[in-house]
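What follows is one structure encoded as structure tokens, with my remarks underneath.
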Protein chains: 2
Amino acid sequence: MSLGEMPNAGGGSSRVTVIDIARHAGVSKSTVSLVLQGSPLVKAETRERVLSSIEALGYVYNRGAANLRSARSNIVGMVINDLANPFFAELAVGIERVFQTAGYIPFIANTTESPTRQGEVLRSMSEHDIAGLIICPARGTRAAEIESFASRGFPILLAMRRLAGLRVSSVAPDNFRGARRATEHLIGLGHRRIAFFGGYADMSAQAERSGGYLAALDAAGIVPDRALIVEGPPNREGGLAAIDRVLDMAEPPSAALCFNDVVAFGVLDGLERRRLAAGRDFGLVGFDDVREARHTNPALTTVHVDTLALGERAAHAVLRMIHGDTRPEEHIGEVQLVVRESCGAKEVRRPS
Amino acid sequence: MSLGEMPNAGGGSSRVTVIDIARHAGVSKSTVSLVLQGSPLVKAETRERVLSSIEALGYVYNRGAANLRSARSNIVGMVINDLANPFFAELAVGIERVFQTAGYIPFIANTTESPTRQGEVLRSMSEHDIAGLIICPARGTRAAEIESFASRGFPILLAMRRLAGLRVSSVAPDNFRGARRATEHLIGLGHRRIAFFGGYADMSAQAERSGGYLAALDAAGIVPDRALIVEGPPNREGGLAAIDRVLDMAEPPSAALCFNDVVAFGVLDGLERRRLAAGRDFGLVGFDDVREARHTNPALTTVHVDTLALGERAAHAVLRMIHGDTRPEEHIGEVQLVVRESCGAKEVRRPS
DNA sequence: CCGAAGATTTGGAACGTTCCAATATCCCTC
DNA sequence: GAGGGATATTGGAACGTTCCAAATCTTCGG
């Protein structure tokens, strides 16, 4: 567009509508609407004329109005419990990418594990008539809260976390197997007192991961010490608190599996404050394999999750359901232990 | 709500509207609307009656319709160039938080530095009649592209990056001063051949940061070597490529300031592959101070930016402008060098 | 050159809200 | 108990689109 012909420049301040286009192109608003929707009904020549009027007047489509009439929305909701956690950020990236290329546009909300905030944003999103929803439910979310939205007509998918008693679609990594494998690894390295750090038992992912941990202990004939399962927020602070608590015990553990990598980062922090080193003084394993895990000091042994793919899968599933396929999705992503240094299996890298 | 009275359960599949509420409460739809808007005009008793009808019928407000009529939107746009970068994720968190508590709900889009994608999402967002927009423009964005939206009526704020020749609100850290300070620090440690890694000169933030870098060199009487400014994508790959390129030079640098922390992470990677250690063999400084910076191996010396606060500031500014204040925002956030280990100022921590 | 079949276009109602001007109701005061 | 100002309520138009049934235009066989 050349400098002279700024759209919206000369005219009044009111919005250019489909009616203005119709007038300018010498057709009816219905025809303009048809063109807008790419209907094959309209003659090529007419379409051209309409299109150039659109260009000339600087028309911008009003999806709100269209949506009101047609009851079809291209907005979806994405509610994340902790966007500052690189794991969830990556998940969001995967989801957003798929939606964007499919012509949908996501609302985002970060609940920071607050069910109250979550309730507010869910309400707000449904007021906007979203076509679908992907949610990582905040801790303490009751199934009924989500259920009341499930009956609202749009598909819902739970990402990463399930909700007891709620049968809706979900996408999550294989938490149980990953945690069992990681714990087996620590046991294989000779550890007997192994702790589990972070998360709360009422979060499905934590339950599954600690379940895998217990299964591995059990298989090795180790009787679990309840005191070694220390719950806490699934973030740095949680990890820091956990390691502090446990190292002050009479019989401290020699290793720990963390609920996730970010908790492990906190543990790294706590160890450092005591001038201890993971891998040498303490066997540490994380979960998720966020990108930063390979750069910690020492590099974090963790369970790899293909987060981006999980996000994409989630979005595709919702898209599928929006388009009428009613079969629910129930995907469990493969995971894989990646051994680095923090577990002590390899010699700790040292720069000197 | 008890099990028996699921809203939306018995009735037809059509939506409950303000008219249904009116009928149920024995008032007119206008009164219902008034109640919905919290108008003080309606009598308390009437309000109660309407409210309980709303509850009873499970009514959900249709903001699309309301917005169509009232031309007031509570949707804002947030377009980020790289959400996988913890720096921008943190920024997004800050922005989202403020908007959410103010009753606004943000669209999110991740452009991954693609102006094409950015154009698409901007179009999509404006079709949805957003009330305001915060954008970290993708590399290569032309001022005109943004300008055409600026004339659309809603406030726009550039976060982190400015656009040449475009006078709209912006919020960014003090890139120049931060980079100068970081470079001075490296010079103070005895380095003379200092590189600058990552980003592209056509990105304002890079220009400002490399400008600070050059200013520090100049002040120290060091003539800059253009070959030591190696441009590249502002991500891990960029850092990796940069350090590789530079270490193969005849006269390699002994230190580098990176465009941002994520680039520095890539450099850490590259050094490791060559069995070199930052802090010992190479002085490395990042920029942004993302949370992960203190956990790298070695811990990253970097320029601290209060990203969360910047995000909140950006959102507040947009809110202010939405509410009619036309004064543009032009905020430059303070920064601070935080010295850790990667620059070599302190002895490198070693776990052995 | 008429009529039918197909292709294209169209006017008006509808979506669910808000706005506005007008009406109805209330409470006092004289 | 009539008048008047405040207080509450209301019907209908409007927002910008899509949908639908109907109208118009083309084309072509006979």
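A, B, ... follow the sequence lines: proteins, then strands. Residue 1 opens every chain.
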Tell me, which of residues 119-127 of chain B have any heavy atom that sits under 4.0 Å from an atom in DNA chain C? none
When you compare the side chain of A:L310 with that of A:M160, does any pair of heavy atoms fall below 4.5 Å? yes
Taking the side chain from A:R162 and the backbone from A:A172, do they hold a donor-acceptor pair closer than 3.5 Å? no
Any side-chain to backbone donor/acceptor pair from B:Q118 onto B:A138? Under 3.5 Å, distance only. yes
Between the side chain of A:S169 and the main-chain N/O of A:E329, is any donor-acceptor distance below 3.5 Å? yes
When the ring planes of A:Y104 and A:H323 are compared, do they come out parallel, tilted or perpendicular, using 30° and 60° as the limits? perpendicular
B:E96 side chain to A:N110 main-chain N or O, any donor-acceptor pair under 3.5 Å? yes
Quick one: which protein N/O atoms are closer than 3.5 Å to N/O atoms of nucleotides 7-9 of chain C? Pair and distance per line, please.
| from | atom 1 | to | atom 2 | distance (Å) |
| --- | --- | --- | --- | --- |
| C:dT9 | OP1 | A:T46 | OG1 | 2.6 |
| C:dT9 | OP2 | A:K43 | N | 3.1 |

One should read off an interatomic distance between A:I130 CD1 and A:M125 CE, to the nearest 0.5 angstrom, of 6.5 Å
Examine distances only and state if a side-chain atom of B:S39 and a backbone atom of B:L34 form a donor-acceptor pair shorter than 3.5 Å. no
Sort me out a list of protein N/O and nucleotides 19-21 of chain C N/O pairs below 3.5 Å, or just none if empty.
| from | atom 1 | to | atom 2 | distance (Å) |
| --- | --- | --- | --- | --- |
| C:dC19 | OP1 | B:R72 | NH2 | 2.4 |
| C:dC19 | OP2 | B:Q37 | OE1 | 3.2 |
| C:dC19 | O4' | B:R69 | NH2 | 3.3 |
| C:dC19 | N4 | B:S30 | OG | 3.3 |

Please check this pair: side chain of B:D82 against backbone of B:F88, looking for a donor-acceptor N/O pair closer than 3.5 Å. no
Applying salt bridge (charged side-chain N to carboxylate O under 4.0 Å, His left out) as the test, list every pair that has at least one member in residues 58-80 of chain A; sequence neighbours left out. A:R63-B:E127
Can you tell me the distance, in whole Å, between the CG atom of A:D129 and the C1' atom of C:dC15? 11 Å
Measuring only between side-chain heavy atoms, which start at C-beta, is B:T46 closer than 4.5 Å to B:R49? yes
Atom CG of B:L68 and atom C1' of C:dG16 are separated, to the nearest Å, by 9 Å
Nearest-Å distance for atom pair CG/C1', residues B:L36 and D:dT10: 16 Å
Between the first and last five pairs of the helix from C:dC1-D:dG30 to C:dC30-D:dG1, the angle of the axes, rounded to 10 degrees: 50°
Atom-to-atom span, CZ of B:R23 to C1' of C:dG16 - whole angstrom: 13 Å
B:Y61 has an atom OH; how far is it from atom C1' of C:dG16, in whole Å? 10 Å
Tell me whether A:R47 contacts the main-chain N or O of A:G38 through its side chain, where contact means a donor paired with an acceptor under 3.5 Å. no
Interatomic distance, B:N62 CG vs D:dG16 P [rounded to whole Å]: 16 Å
Send over the distance from B:Y59 OH to C:dG16 C1', rounded to a whole Å. 7 Å
Any residue meeting side-chain contact (heavy atoms from CB on, under 4.5 Å) with A:R117, in chain and number order, not counting sequence neighbours: A:T112, A:S114, A:E120, B:R97, B:Q100, B:T101
Which whole-number value in Å describes the distance from A:H128 NE2 to C:dT17 P? 13 Å
